[in-house]
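Below is one structure, written out as structure tokens; the observations come after it.
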Amino acid sequence: MSLLESLNPEQLAAVTLPRESALILAGAGSGKTKVLTARIAWLIQTGQVGPNGVLAVTFTNKASKEMLHRISTMLPINTRSMWVGTFHGLCNRMLRAHWKEAGLPQAFQILDMQDQLSAIKRMYKVLGIDAEKFPPKQLSYFIGSAKDQGLRPKDVEAHDEYHRMMVRLYEAYEAQCQREGVVDFAELLLRSFELLGANPALREHYQARFKYILVDEFQDTNNLQYNWLKRLAGPQGCIFAVGDDDQSIYAFRGARVANMVQFENDFAVQNRIKLEQNYRSVGNVLKAANVLIGHNKARLGKELWTEAGEGEAIRVYEATSDQDEAAFIIDRIKKLVLEEGFSRSDIAILYRSNAQSRVVEQALFNAGMPYRVYGGLRFFERAEIKHALAYLRLMDNADDDNSFSRVVNFPARGIGARSVEQLQDLATSQVTSLYRAIHRLEGRAQAGLKKFADLIERMRFETRGLSLADLVDKVINESGLVAHFQADKDGEDRVENLKELVNAAASFAIAEGYYQDAAATMVDEEKLITPLADFLSHASLEAGDNAAAAGQEAIQLMTAHAAKGLEFKCVFVTGLEEGLFPHENSIGNSVEGGDGTSVEAVEEERRLMYVAITRAREQLFLSHAQQRMLHGQIRYHLRSRFLDELPEDVLKWLTPKRAHIASQGWDALDSKVWGQSKTLNVGYSNKTTKRPYDIGTGVSHAKFGNGVVVAYEGEGDDQRIQINFGRQGMKWLMLSLAKLEKF
DNA sequence: CCCGTCAAGGTTTTT
DNA sequence: CCTTGACGGG
């Protein structure tokens with residue numbers, strides 16, 4: 001059978017497993033997606049299951065689109081009715097189909113993170129909560145983690161006043177969401193989970209239907225997602241889980257690698273198949289990756305190999321500064337493009353945190369090299385788009401106070417904070433929404449508010465029977481949004497974006513089969529949803545591309561996190577410094593491993609580094625800088641321990657490798673000290689400023705023992721030197737008095 | 001109501 | 001350094 005022909009023995013074994021649960025440990029570049037899609041295609045093609053009997057779940061929209069695309073090239077079937085999507089997308093689908101049983105209004109809206117925060121702030125106003133004492137972000141986090149544990153307010157144990165308050169706020173938030181007919185991301189999952197729990201008939205229906213469940217990036221599942229899968233699969237369930245514990249980089253947002261082992265126990269997994277042959281990178285890159293990740297203790301164990309040649313050595317550069325690092329990168333890129341014939345889009349520059357992109361961007365800009373930065377605002381997150389969506393949502397669901405508040409006075413129509421406050425009071429006392437409260441204002445009715453309500457009503461009436469795109473077009477004009485931004489001298493882009501929203505609606509309508517003339521309000525036996533509601537869900541669940549627009553032939557800039565799942569011929573991993581990568585917040589910290597054990601937080605950083613270097617197919621460059629500008633201060637960092645963990649024989653140091661770190665031992669440096677360096681006067685007035693020891697060199701002190709010079713401060717007799725003495729802590733010593741020796 | 005100024009604070013991110 | 005949010009004056 002042709003679809004099995006290109007598989008290696010392990011891949012073939014995985015694809016053709018009988019109906020039993022299995023864990024596939026798939027290393028970076030080992031053909032993970034290929035195996036997933038081939039298994040689905042094989043199951044269907046051999047008649048073991050129909051397209052409707054398969055459910056495949058991923059974490060990102062991109063991954064699910066890719067999967068659908070590949071399936072449709074392998075099989076002549078309509079994939080649109082298949083349950084392939086993200087956890088949130090599939091839960092949304094289920095809740096749309098069973099909104100009544102789930103206790104939701106038919107037109108329930110989805111809150112993204114921004115929306116959730118503004119909902120919390122609005123609630124604080126009504127309840128008179130001090131946002132300083134209980135930061136909205138903290139509440140959002142609290143609610144999110146509770147839901148991830150499957151806990152409702154009544155289930156959360158609070159042992160102190162602060163947490164009792166958080167629980168009360170959680171409860172109030174939940175009541176508000178319920179009244180307004182909105183759900184946040186975690187709620188989609190929890191509702192769906194509870195729906196299956198409370199409804200045996202429904203549960204059994206889905207358990208019988210989905211004979212085969214496949215999960216991508218299994219190491220990224222959180223507690224709730226795991227339990228949702230378990231419940232959906234049922235006692236006879238068959239789950240095909242694909243993941244890589246070495247690429248688990250999202251523990252900080254609740255992902256539990258421990259789910260992999262728990263899965264093997266819960267589902268009596270007989271087969272743990274390892275995919276270790278790598279089809280992406282040259283030998284040297286792979287060797288570096290293997291040795292690096294070998295430093296982690298918490299691993300299931302796996303070693304990648306390749307048939308490809310060794311390739312170039314991994315080149316390492318120690319820059320004097322972040323500017324110098326950028327200059328090095330530009331220089332190498334020029335060589336790669338002009339002399340070695342790589343295309344700019346083959347080249348990626350990776351960093352630990354977004355702030356690091358600035359210096360590189362500047363340098364690329366000055367060198368006239370096109371580049372593309374991932375990680376900005378996404379299309380559906382832009383303010384003007386959010387405004388347009390708010391009008392649409394309010395038309396669809398009159399109880400959506402979030403949307404109401406966003407646009408009631410935007411564009412400005414003379415409705416001040418005072419009027420809205422009064423309206424809120426009335427709405428609160430009558431337990432209704434802001435929009436509905438307008439009609440109860442009676443004599444005190446504020447003319448502006450009435451006019452606003454009329455506007456919404458009119459738009460609702462006038463858009464009846466229009467196609468989705470025409471509807472959106474009508475609303476952006478009728479609402480005054482387009483006129484408002486046209487009048488703004490800097491509003492050109494925003495007008496363009498609003499028009500782009502009309503296009504997005506049109507493409508969505510076509511993709512989903514609503515077509516242009518869809519007076520159709522109901523489509524798809526399973527969706528039971530209007531095109532508008534469907535589009536609004538889509539906008540919340542899929543915020544769109546987050547890359548800044550640029551020519552296709554551009555150098556790619558992104559964080560190591562954002563690079564997961566991608567590959568490039570040439571990769572630069574930058575900022576390899578203690579405190580940056582590994583990040584200072586991880587150094588010396590332990591975190592709960594998900595199964596009660598304690599794991600070094602730096603292991604996740606190491607996995608991130610592993611992800612970063614395994615993005616490279618042919619050439620890999622690593623760099624660090626002696627000093628860099630961070631938070632407006634010059635900071636000095638030692639080179640990353642990760643550089644010292646790489647095997648020397650695959651490295652080629654372009655600058656001399658300095659030896660100060662290896663002799664030191666990392667235990668001495670594990671306190672959180674790197675963030676405390678002081679600003680220095682650099683480059684001038686060093687008449688009275690001496691630096692007998694270079695930053696980064698080791699010194700010993702009679703009382704404190706060995707340490708590393710981190711910074712200098714002051715001048716002349718007042719000049720002080722900062723030294724990290726490891727366990728003894730960070731000390732500032734008077735240079736004139738301290739008795740120090742180089743070691 | 002809009003715009004400026006000032007203070008605070010600043011991993012990683014998808015849905 | 002640079003972005004974000006909170007206030008107060010015009």
Side-chain angles (χ1 to χ4, degrees), chain A residues 57-64 85-92 110-118 121 131-132 135-137 141 144 147-148 183-190 192 216-217 220-222 224-225 248-255 322 350-359 361-362 374-378 380-381 409-419 448 484 488 490 537-544 546 558-565 575 579-587 589 601 604-605 607-609 611-612 628-635 675 679:
Chain A
V57 61
T58 62
F59 276 84
T60 66
N61 291 300
K62 205 173 155 196
S64 68
T86 63
F87 278 101
H88 295 84
L90 296 177
C91 287
N92 179 49
I110 300 165
L111 301 184
D112 66 16
M113 228 170 28
Q114 274 182 53
D115 298 331
Q116 193 196 25
L117 278 179
S118 45
K121 287 177 191 160
E132 302 274 297
K137 271 196 186 138
Y141 176 79
K147 288 184 179 178
D148 283 351
V183 296
D184 60 40
F185 285 138
E187 185 72 24
L188 282 172
L189 282 152
L190 185 52
S192 169
D216 189 18
E217 305 276 16
D220 287 339
T221 51
N222 68 24
L224 180 55
Q225 287 158 344
S248 162
I249 55 174
Y250 288 113
F252 73 92
R253 67 174 198 219
D322 46 356
L350 309 184
Y351 34 79
R352 177 64 178 78
S353 64
N354 284 305
Q356 287 167 250
S357 73
R358 192 173 314 281
V359 181
E361 279 186 70
Q362 193 73 48
Y374 288 76
L377 255 198
R378 297 153 62 217
F380 287 110
E381 288 169 357
N409 196 36
F410 193 94
R413 46 176 74 89
I415 301 171
R418 191 75 209 118
S419 319
H484 173 266
D488 185 346
D490 315 312
S537 296
H538 165 81
S540 302
L541 290 173
E542 191 169 347
N546 66 351
M558 68 195 82
T559 63
H561 281 93
K564 187 170 166 203
L580 255 190
F581 202 170
H583 195 272
E584 59 193 2
N585 293 0
S586 75
I587 295 175
N589 283 334
E604 177 147 315
E605 298 284 309
R607 291 193 292 268
L608 184 57
M609 176 71 179
V611 167
R628 81 170 57 238
M629 198 64 139
L630 210 61
H631 305 328
Q633 289 189 321
I634 295 174
R635 304 216 324 190
T679 309

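Chain letters run A, B, ... following the sequence lines, proteins first and then strands; every chain starts at 1.
Residues passing the ring-ring contact (aromatic ring centres under 6.0 Å, His included) test with A/His561 are A/Tyr250, A/Phe252, sequence neighbours excluded. With sequence neighbours excluded, the residues satisfying side-chain hydrogen bond (donor to acceptor under 3.5 Å, both in side chains) with A/Ser192 are A/Trp228. The side-chain hydrogen bond (donor to acceptor under 3.5 Å, both in side chains) test applied to A/Thr559 returns no partner, not counting sequence neighbours.
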So which protein N/O to nucleotides 6-10 of chain C N/O distances come out below 3.5 Å?
none

Extract from the structure each pairing of a protein N or O with an N or O of nucleotides 10-15 of chain B at less than 3.5 Å, listing the distance.
unit_1: B/dG10; atom_1: N3; unit_2: A/His631; atom_2: ND1; d: 3.4
unit_1: B/dT11; atom_1: O4'; unit_2: A/His583; atom_2: NE2; d: 3.2
unit_1: B/dT12; atom_1: OP1; unit_2: A/Asn354; atom_2: N; d: 3.0
unit_1: B/dT12; atom_1: O4'; unit_2: A/Arg352; atom_2: NH1; d: 2.8
unit_1: B/dT12; atom_1: O2; unit_2: A/Arg352; atom_2: NH2; d: 2.9
unit_1: B/dT13; atom_1: OP1; unit_2: A/Thr559; atom_2: OG1; d: 2.5
unit_1: B/dT13; atom_1: OP2; unit_2: A/Asn354; atom_2: ND2; d: 3.2
unit_1: B/dT13; atom_1: O2; unit_2: A/Arg253; atom_2: NH1; d: 3.3
unit_1: B/dT15; atom_1: OP1; unit_2: A/Asn61; atom_2: N; d: 2.8
unit_1: B/dT15; atom_1: OP1; unit_2: A/Asn61; atom_2: ND2; d: 3.0
unit_1: B/dT15; atom_1: OP2; unit_2: A/Arg378; atom_2: NH2; d: 2.8
unit_1: B/dT15; atom_1: O2; unit_2: A/His88; atom_2: NE2; d: 3.2

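When A/Leu188, A/Leu111, A/Leu190 are each tested for a side chain to side chain contact (heavy atoms under 4.5 Å, CB included) with A/Val183, only one passes: A/Leu188.
We find that A/Asp112 and A/Arg378 are not joined by a salt bridge, their nearest charged nitrogen and carboxylate oxygen being 4.0 Å or further apart. Between A/Arg607 and A/Glu604, at least one side-chain nitrogen of the basic residue sits less than 4.0 Å from a carboxylate oxygen of the acidic one, meeting the salt-bridge criterion.
A/Leu541 is not listed as a side-chain neighbour of A/Thr86, based on a closest heavy-atom distance of 4.5 Å or more. Side-chain contact between A/Arg628 and A/Leu580 is present, with heavy atoms from C-beta onward closer than 4.5 Å.
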Item to check | Per-nucleotide protein contact string for nucleotides 2-9 of chain B (B base, S sugar-phosphate only, - none; heavy atom under 4.0 Å) | outcome: S-------
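Within the nucleic acid shown, A/Leu90 has no heavy atom closer than 4.0 Å to any nucleic acid atom.
Counting only distance, with no hydrogens or angles, the side chain of A/Gln225 and the backbone of A/Phe87 share no donor-acceptor pair below 3.5 Å.
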